[in-house]
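Okay, so here's the structure we're looking at.
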Amino acid sequence: MTRVESPDASASLDEILALSASMLESARAQDWVGVANLEVVRDALLKAVFEGADRPSPEALTAVAKRLLESDRELIELGEQARGEFAAALGQVRQARRAQEAYSGIGGE
């Protein structure tokens, strides 16, 4: 027997998917604080959906879980890319600082 979803359960799933989409938009814009803030809200909503008495159907949960996994994979890729860019920029700053220190040491003698 297929369980009928209530409007509240369906709305919660839609909101979870919308939050995931907003997280991706924020990540693409390099707004990692925004991603983290949205993730807190999304996690709380996910918890409420799974702990609530009015749970969505297993089929709906499966469909949403698949979309969340896809979204989160892209978020992870974007995060790893940003981390690599940050590490490269940090390396350049360190190299410039070492060059400046070396140059200052030569000029100060």
Side-chain angles (χ1 to χ4, degrees):
M1 178 164 92
T2 303
R3 193 159 89 191
V4 176
E5 281 182 52
S6 74
D8 288 343
S10 180
S12 294
L13 294 180
D14 290 344
E15 187 174 351
I16 289 167
L17 292 173
L19 285 165
S20 294
S22 295
M23 289 168 64
L24 276 175
E25 288 175 23
S26 293
R28 290 177 185 136
Q30 301 292 309
D31 177 11
W32 297 106
V33 172
V35 172
N37 290 336
L38 290 166
E39 184 178 22
V40 169
V41 176
R42 185 184 76 169
D43 286 351
L45 192 53
L46 278 166
K47 184 177 180 181
V49 166
F50 281 98
E51 290 180 354
D54 189 26
R55 290 191 196 121
S57 69
E59 296 83 8
L61 287 174
T62 299
V64 168
K66 286 179 182 179
R67 290 181 62 189
L68 289 179
L69 285 172
E70 291 171 10
S71 174
D72 285 356
R73 280 189 197 113
E74 186 175 346
L75 278 170
I76 290 167
E77 288 175 15
L78 289 167
E80 288 174 348
Q81 180 182 359
R83 182 181 61 193
E85 291 169 0
F86 176 77
L90 183 59
Q92 290 175 348
V93 167
R94 287 180 177 159
Q95 184 178 4
R97 185 181 57 193
R98 284 191 302 267
Q100 181 182 11
E101 288 171 354
Y103 180 75
S104 295
I106 293 171
E109 292 180 8

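Predicted model, so just to flag it, every value in this text is computed and none were measured.
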Are [Y] and [X] connected in a single hydrophobic cluster, I mean Ile/Leu/Val/Met/Phe/Trp/Tyr linked by side-chain heavy atoms less than 4.5 Å apart?
{"X": "I76", "Y": "L69", "value": "no"}
{"X": "V40", "Y": "M23", "value": "no"}
{"X": "V35", "Y": "F86", "value": "no"}
{"X": "V49", "Y": "V41", "value": "yes"}

Once you round to the nearest 0.5 Å, how far does [atom1] of [X] lie from [atom2] of [Y]?
{"X": "L24", "Y": "R28", "atom1": "CG", "atom2": "CZ", "answer": "4.5 Å"}
{"X": "I16", "Y": "S12", "atom1": "CD1", "atom2": "OG", "answer": "6.0 Å"}
{"X": "E70", "Y": "S20", "atom1": "CD", "atom2": "OG", "answer": "11.0 Å"}
{"X": "L13", "Y": "E15", "atom1": "CG", "atom2": "CD", "answer": "10.5 Å"}

Pairwise side-chain contact, D72 with L75, heavy-atom cut-off 4.5 Å (strictly under)
yes
Less than 4.5 Å apart, side chain to side chain, heavy atoms only: is that true for L68 and L46?
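Yes, their side chains come closer than 4.5 Å.
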Return the minimal non-hydrogen interatomic distance between R42 and L19, and the atom names on each side.
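So the two residues come closest at CA-CD1, 3.7 Å.
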Any idea which heavy atoms bring A27 and L78 closest together, and the distance?
CB-CD1, 3.8 Å
